[in-house]
Chemist: 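Okay, handing you the structure first.
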Amino acid sequence: MQWNAELALTHAAHHLKRCSTPNQLQSWYALLLKTNTTQDCFLINQYITACSNHRIIDTAIFAFSQIVNPNAFVYNALIGAFLTCFRPLQALRHYTLMLRSAVPPTSYTFPPVIKSCKVLQFPGVGQCVHAQVLRNGFGSHLHLQTTMVDFYSSLGMRAEARKLFDEMPDRDGFAWSTMISTHVRAGDFDSARRVFDEMPHKNTAASNTMIHGYAEAGDVNSAEALFNAMLERDVISWTTMIYCYCKQEMYLQALEIFEEMKSTGTTPDNTTMATVISACAHLGTLGKGKEMHMYIMQAELDIDVYIASALIDMYAKCGVMERALVVFFKLQEKNLFCWSSVIDGLAYNGYAEEALAMFDKMEKEKIEPTHVIFLSVLAACAHAGLVEEGKRRFSIMTSRYGILPEIEHYGCMVDLLSRVGLLEEAQVLISSMRMQPNSVIWGALLGGCKLHKNLEIAQIAVDRLMILEPDNSGYYTLLVNMFGEANRWNEVARIRGIIKERRVEKALPGSSWIEVRKKMHQFAASDNYHPSSKQIYQILDMLDSQLKVLGHAAQLDLVV
DNA sequence: GTAGGGTTAG
């Protein structure tokens, strides 16, 4: 009977470790209680691992607390469980507990411990653990050496990583890839290439890392060359190439190679889809974006925070905020990126109040905002002209969250103040900045001056802009128009003289595009290139006259 | 048990 029960348990352990629901885990522990085997280190080890796979740490902690004499396997399982359940500090605590209980660590103890030091960014602790690795006789353990190289690499201690790698008597594919990655992380692509060239049998991972390096360096040609030369390509190779194109804003190429990937039989995964949806967002191609969404559903890929953020952003940028919100509200777990995308999407689509309400909701869920999210918040205030609200949020950013404003935040605030005509206040803010104002700042101020016809401050802004962007004719043109409007023709002549003297090139006109029925239509200001431009202008004129009837005068005075 | 690819803003 006893023997049968044990056999059943062992069998259950095998089964439950792979596929089990939280409920099954519970009944498993009940079985352990019933059979008096809660002290069996082998079974508890399996049990803790299963709990960890389901991210249920509490039950694992309980099972551990019941063991009188946990062995190294049990400790290893628990330390690993803490790490996978995002509690690295607890992982380290139980490691020290293990040492104090005089249970000698095994080679399996260290990877999760070192990884915990890595995610916690504890260089000192990591070095202590390294010393213990050596003291326990694992100095020439290939696996642990690689883990240590990665640790030093992640904390930016490249010299230590390099030294360790150089001293390794044997190196496998993991070791080489880690070293290449070390240089890529540091932005030292030449060193990455040198290590890659030195590597005897280049595997797919190493090549992928190298392609990623090229992508970061903006070297599309080298990335393509290496990619094309690869004998075997996996999902990561393809995804990295897609990322490479995205990084260079070559979104159409990104979508093209995605199709190629599918046609050659490689199945995209979550990472691929997140990248490719982001490409659709940048292109503003709703049709393609929807196709990608459909693919995810068909392939039954899990909509994780990466894909969700990308989808929300894509739908928002394509102007279908309703769809973005559906994705957002369906999400079980939301991280900062999801919130950021939805808040920015609302702001971008003109729902300023809703964006702010969404931000407040995020605060209530105890998600710590970052400086990025405040850009969306302030942009929402700026678009809706919510001055007091904007000022309040701007000050909360620092007082409540300790986030110092970056130049982009100042840009939003200057834009906000200038738009509503608080030009002096905007100037005061600019002079209070802890960094040199750039052309965006002065441009925002100038925009406000234009709107509120303040020539004096406009002159100040343009003087600065002339220094910062001497080749940009747009600012001069704007100033010329402003003075012209005020009938100050002497000034007009003076500035035209400067333009001539400096031979400022006429800036390339900006353009925008929109997708209608899967076809792209591109427009520049006042152009006549579109086949239907005649009808389009007719409609614009009609809209304009309707607006006038409603007492809304368009500002066409920019166009001379 | 160790390596390689992802989402927002600018």
Chemist: Report, as yes or no, whether the 6.0 Å neighbourhood of atom CG on A:Leu404 holds more than 12 heavy atoms from other residues, nucleotides or ligands.
Modeler: yes

Chemist: Out of the candidates A:Phe174, A:Tyr152, A:Trp176, only one should pair with A:Phe165 under the ring pair (Phe, Tyr, Trp, His ring centres under 6.0 Å) rule; please name it.
Modeler: A:Trp176

Chemist: Would you please indicate if the ring centroids of A:Phe73 and A:Tyr108 are separated by under 6.0 Å?
Modeler: no

Chemist: When the distance from CG of A:Leu336 to P of B:dA9 is rounded to whole Å, what number comes out?
Modeler: 13 Å

Chemist: How does each nucleotide of nucleotides 1-6 of chain B score, in 5' to 3' order, for protein heavy atoms under 4.0 Å: base (B), sugar-phosphate only (S), or none (-)?
Modeler: BBBBBB

Chemist: Apply ring pair (Phe, Tyr, Trp, His ring centres under 6.0 Å) to residues A:Phe64 and A:His94 and explain how you reach the verdict.
Modeler: CA-CA 11 Å; A:Phe64 176 80; A:His94 284 78; 5.8 Å; yes

Chemist: Tell me the interatomic distance from A:Asp344, atom CG, to B:dG10, atom P, rounded to whole angstroms.
Modeler: 7 Å

Chemist: Looking at every strand, decide which applies to A:Lys317 at a 4.0 Å heavy-atom threshold: base, sugar-phosphate, or nothing.
Modeler: sugar-phosphate

Chemist: Whole angstrom is fine here: how far is it from CD1 in A:Ile277 over to C1' in B:dT8?
Modeler: 14 Å

Chemist: At less than 3.5 Å, do the side-chain atoms of A:Ser309 and the base atoms of B:dT7 form a donor-acceptor pair?
Modeler: yes

Chemist: Looking only at heavy atoms, what is the nearest atom pair of A:Ala324 and A:Ala316, with distance?
Modeler: CB-N, 4.1 Å

Chemist: If the test is ring pair (Phe, Tyr, Trp, His ring centres under 6.0 Å), which one of A:Tyr243, A:Trp238, A:Tyr245 qualifies with A:Phe227?
Modeler: A:Trp238

